[in-house]
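These numbers come from a predicted model, not from an experiment. Heads up: numbering here begins at 1 and tracks the sequence.
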Amino acid sequence: MRAAGLRTWLEAKDPGLRAVKRSARVSLATVLGFYFSLYVVGEEQMAFYASFGCIALGALSEVTGEPRQRTKTYAGALLAGIVLVTLGTLLAVNTWAAAAGMLVVGFAVAYAGVGGPRLLGAATGLQLLYILPSFPPYAPESLGWRLIGLVLAITLLAVADRLLWPPPVPTPFRQRLAEAIGGIHDRLAALRGPEHHQQPDTSSSSSVSLRMSGLPHMQRPTGPGRRDRAAMHAVTLLRGLEGRVAALTELIKAHPLSPTSPHPSAPLLDVAVHVLGQSAEALDGSPNSGDRAPDPDLVDVALAAYVQEREALAGSAQTENDLRSRLRFAVIVEEIAIWTRDLAVATKIMRGDRVDEPKAQSTAEPFWYATRSTAELWFIRFRGHLTPRSVFFQNAIRLALGLAVARLVAGLLDLSHGFWVLLATLTLMRTSLTATRAAVIPAFIGTVIGGLLMAVVLGLAGGDSKFYEIAFPIVLVIGLAAGPVAGPLVGQAAFTLVVALLFAQMAPVTWRLAEVRITHVVLGGLLGAVIGLLVWPRGATGEMRRTAKASLDTAANDLESTVRRLTHRETPATNGQDTASIATHSLMLADSTLAQYRSELRSTPDNVDWLGVLALANEVVRGGQALRRAHGTAGPLPWPAVADELKGLGQGTADQLREIADLVSTKTPEPGAATEPARFSVDSWLSTNDAREVATRQPDPAAAVRVLDIWGWLAGVSFDGRRVVAGVTSPAADSRVAEPHSGR
């Protein structure tokens with residue numbers, strides 16, 4: 001009964017016993033490597049690295065994904081670990097060399113996290129592989145045994161990962177994406193069904209966002225490769241499609257379609273529904289999905305035919321309101337088709353299919369990554385985040401300084417177990433001071449409790465090595481599982497006891513080791529907290545409002561630039577860099593800030609839908625790209641009055657974006673009526689004398705299509721801007737976990 005009760009308690013704390021199984025798996029690899037090295041081979045250095053190599057990459061790292069991906073991660077970690085152990089061994093010649101190496105290695109390993117979750121998950125363990133050999137004694141002759149121990153450790157981990165209670169394979173991102181695409185497909189198909197003409201279904205208006213946001217951060221394909229970029233691009237496109245379907249639903253509610261009269265948009269919407277279904281099927285993971293690539297050309301053909309017939313929507317309009325609704329309907333349908341087409345292209349890139357996209361000249365173009373080499377994509381990602389405004393850069397600087405200072409202090413004080421100081425700094429330092437403080441307090445208490453237990457155990461057992469040999473595996477399993485199951489305080493106490501049992505087998509120890517452990521952990525935690533206080537103490541929480549405002553401001557500049565270019569052929573000077581590239585870079589930084597922001601502790605709840613804010617900025621940038629791609633070579637509009645109206649409308653919509661930027665950049669946003677006038681100014685050009693001429697596409701059909709496309713884009717931006725403002729004070733605005741956009 002007691003065993004059953006314990007299992008029930010464990011399953012309540014640890015669903016599926018994942019942490020317990022992981023602890024048992026890592027513990028078995030650690031014990032086998034340690035005992036074989038120490039008691040069979042008889043090499044303490046080999047035993048030390050065999051044990052701590054398993055702990056570093058098995059307990060302190062997060063290796064996720066499919067089995068083959070996890071094995072590849074371990075193989076890559078082994079190669080990196082050989083370099084780090086070698087470097088640490090050679091730089092241990094003196095304190096200053098070791099501290100300088102720690103500064104460089106600390107930054108490089110932490111900054112490598114921009115390469116995606118697999119690198120980010122292994123970063124803590126890799127840091128430890130440099131820390132371990134960087135302390136005295138300076139013994140380069142022992143490097144061989146150290147590397148043999150490391151190889152043994154990672155080999156045992158990789159084998160155990162595949163054979164012993166392997167972690168469950170997460171739902172593939174492609175399958176989640178397929179489900180989300182299917183949701184949009186069903187909503188759009190419902191609008192086409194006769195039973196939904198009068199009352200379109202909007203009950204799942206946020207289903208895409210919620211479903212995509214449910215994916216743990218470490219399982220998201222956020223790497224710099226083509227397929228990962230295409231996956232995140234697809235998420236962005238889905239968000240845009242969700243907004244367009246919502247706008248279409250709102251319009252149909254206000255102006256119901258006749259179920260008996262065919263609508264000119266019907267063929268294009270049918271094609272969009274069909275291609276969305278193709279994209280979902282191509283990603284759903286079924287055995288035949290590899291043979292069903294979506295066909296974006298179907299949308300291109302249908303869209304061209306629809307544009308030729310679009311004037312029929314306006315030709316019979318009797319009033320300005322009627323004209324407005326017909327034109328808005330036409331443009332929304334076109335936008336849905338364009339986003340569906342781009343989603344099909346992104347789906348093909350994710351699958352590894354060949355796509356016929358022209359080579360992009362700028363990273364601001366939609367599929368610029370499709371024709372770039374892998375090395376170039378990695379370089380662009382690393383270069384793009386090499387700025388103090390990137391949270392990756394901030395985290396790397398903060399951690400590198402913390403570890404370097406800790407190494408310097410430990411060396412100057414000649415601490416006997418100085419690596420414990422750095423281990424405490426490494427494991428307790430967080431991306432914000434608030435989070436660091438929350439981690440340090442239970443760690444200190446747990447270390448004191450564990451230290452007292454350590455003193456009692458060492459005092460009673462003395463030099464009884466058999467006791468340590470028997471107790472070590474049992475305590476190790478409990479120690480590695482204690483943190484995830486019972487919390488950081490218990491975990492730190494248990495791990496302190498684990499350390500005592502391990503060192504007691506390698507050299508004679510006394511109860512004074514407990515005192516050393518406590519003082520070193522406290523020193524390391526305090527050093528990390530001090531550095532955290534001095535270097536970007538608020539982390540992503542302090543950056544979120546600034547980066548969101550920068551994204552909206554640069555998107556507003558790009559919007560104005562696009563409208564001036566397409567109406568008057570004006571190209572504003574931007575110091576050699578186009579506004580789209582500037583806006584795209586701002587979005588990339590904001591995306592990574594948002595991803596970290598969701599993981600940080602905050603003293604007060606937020607009331608801004610940051611995902612919606614960044615989606616709005618992304619819509620502006622992507623929409624401008626599409627317009628420039630379609631009409632970028634055209635001359636000035638033949639209707640000067642309409643051109644001036646559109647230019648003024650662009651300025652008004654850009655000002656709306658800037659007002660939203662100012663709104664979300666304050667700690668206590670209070671939305672007022674500042675963004676409301678843009679709702680009506682979007683339609684201002686319809687009151688001009690040229691409106692009918694434009695609507696019927698006479699005498700210049702191409703220019704008329706350009707006017708309608710610009711107007712529809714601005715109408716969509718204004719519509720989504722109002723949705724963002726409405727979500728600023730929504731109580732559930734902060735309940736969603738963000739997913740990054742494609743970015744650079």
Side-chain angles (χ1 to χ4, degrees), residues 6 9-10 12-14 17-27 30-31 34 51-52 54-56 58-61 124-125 128 131 406 415-430 435-462 467-506 509-529 601:
L6 176 61
W9 179 82
L10 282 175
K13 295 289 186 178
D14 179 24
L17 299 180
R18 294 185 181 184
V20 172
K21 292 175 181 177
R22 179 186 182 185
S23 170
R25 184 170 60 247
V26 175
S27 295
T30 303
V31 170
F34 180 68
S51 57
F52 272 94
C54 287
I55 292 172
L60 299 182
S61 299
T124 300
L128 184 58
I131 292 171
L415 301 179
S416 57
H417 290 279
F419 78 93
W420 284 351
V421 177
L422 272 76
L423 181 58
T425 302
L426 176 66
T427 56
L428 298 181
M429 202 171 187
R430 300 292 189 267
T436 299
R437 183 170 58 245
V440 161
I441 294 175
F444 286 176
I445 298 174
T447 300
V448 171
I449 296 173
L452 294 176
L453 291 175
M454 177 193 293
V456 172
V457 170
L458 295 179
L460 293 177
F467 170 81
Y468 301 129
E469 294 170 21
I470 296 172
F472 176 63
I474 300 172
V475 176
L476 181 61
V477 174
I478 297 173
L480 295 183
V485 173
L489 189 151
V490 178
Q492 192 71 20
F495 188 73
T496 297
L497 195 56
V498 167
V499 170
L501 297 176
L502 186 147
F503 278 93
Q505 298 178 70
M506 298 179 65
V509 295
T510 67
W511 66 269
R512 299 297 297 271
L513 184 65
E515 177 186 348
V516 174
R517 170 71 180 170
I518 293 173
T519 56
H520 286 19
V521 169
V522 170
L523 177 60
L526 290 177
L527 288 173
L601 296 174

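- Atom CD1 of I449 and atom CD1 of I518 lie 10.0 Å apart (nearest 0.5 Å).
- W420 places none of its side-chain heavy atoms less than 4.5 Å from the side chain of L415.
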- side-chain contact (heavy atoms from CB on, under 4.5 Å) between L513 and H417, intermediate numbers included: CA-CA 9 Å; L513 184 65; H417 290 279; 3.7 Å; yes

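- In this structure, the side chain of T436 does not engage the main chain of M429 through any donor-acceptor pair within 3.5 Å.
- When all heavy atoms of T496 and G451 are compared, the pair lying nearest together is CG2-N, 3.7 Å.
- In this structure, H520 NE2 and L423 CG are separated by 11.5 Å, a value rounded to the nearest 0.5 Å.
- Contact annotation: the side chain of L458 never approaches that of F503 to less than 4.5 Å [non-hydrogen atoms, C-beta and beyond].
- Not one N or O on the side chain of S61 forms a donor-acceptor pair closer than 3.5 Å with the backbone of G58.
- The main-chain N or O of G524 is found under 3.5 Å from a side-chain atom of T425 such that the two form a donor-acceptor pair.
- Under the 4.5 Å side-chain criterion, counting only non-hydrogen atoms from C-beta, F495 is in contact with I55.
- For the pair V421 and A406, the tightest heavy-atom approach, listed with the atom from each and the gap, is CG1-CB, 4.1 Å.
- The CG atom of L523 sits 9.5 Å away from the CG atom of L422 when rounded to the nearest 0.5 Å.
- Summarising the geometry of Y468 relative to A461, their closest heavy-atom pair is OH-CB, 3.5 Å, with the distance given to 0.1 Å.
- Shortest non-hydrogen contact noted between L480 and P484 is O-CD, 3.5 Å.
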Practice item. May I have the step-by-step check of side-chain contact (heavy atoms from CB on, under 4.5 Å) for L17 and D14, ending in yes or no? Key: CA-CA 5 Å; L17 299 180; D14 179 24; 4.2 Å; yes

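- F472 and F34 have tilted rings, their planes meeting at an angle from 30° to 60° on a 0 to 90° scale.
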- Query: Between V485 and V490, does a side-chain contact (heavy atoms from CB on, under 4.5 Å) hold up when you go through it step by step?
  - Reply: CA-CA 9 Å; V485 173; V490 178; over 6 Å; no

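- Here the OG atom belonging to S27 is positioned 11.0 Å from the CZ atom belonging to R22, to the nearest 0.5 angstrom.
- Using a 4.5 Å cut-off on side-chain heavy atoms (C-beta onward), L128 and T427 make no contact.
- Contact record, G525 with A424: N-CB, 4.0 Å, taken as the closest heavy-atom pair.
- In this structure, CD in Q492 is found 5.5 Å from CZ in R517, a value given to the nearest 0.5 Å.
- Here the CD1-CG distance, from I478 to L497, works out to 9.0 Å after rounding to the nearest 0.5 Å.
- Of all the heavy atoms in V20 and A481, the pair that sits closest is CA-CB, 4.4 Å.
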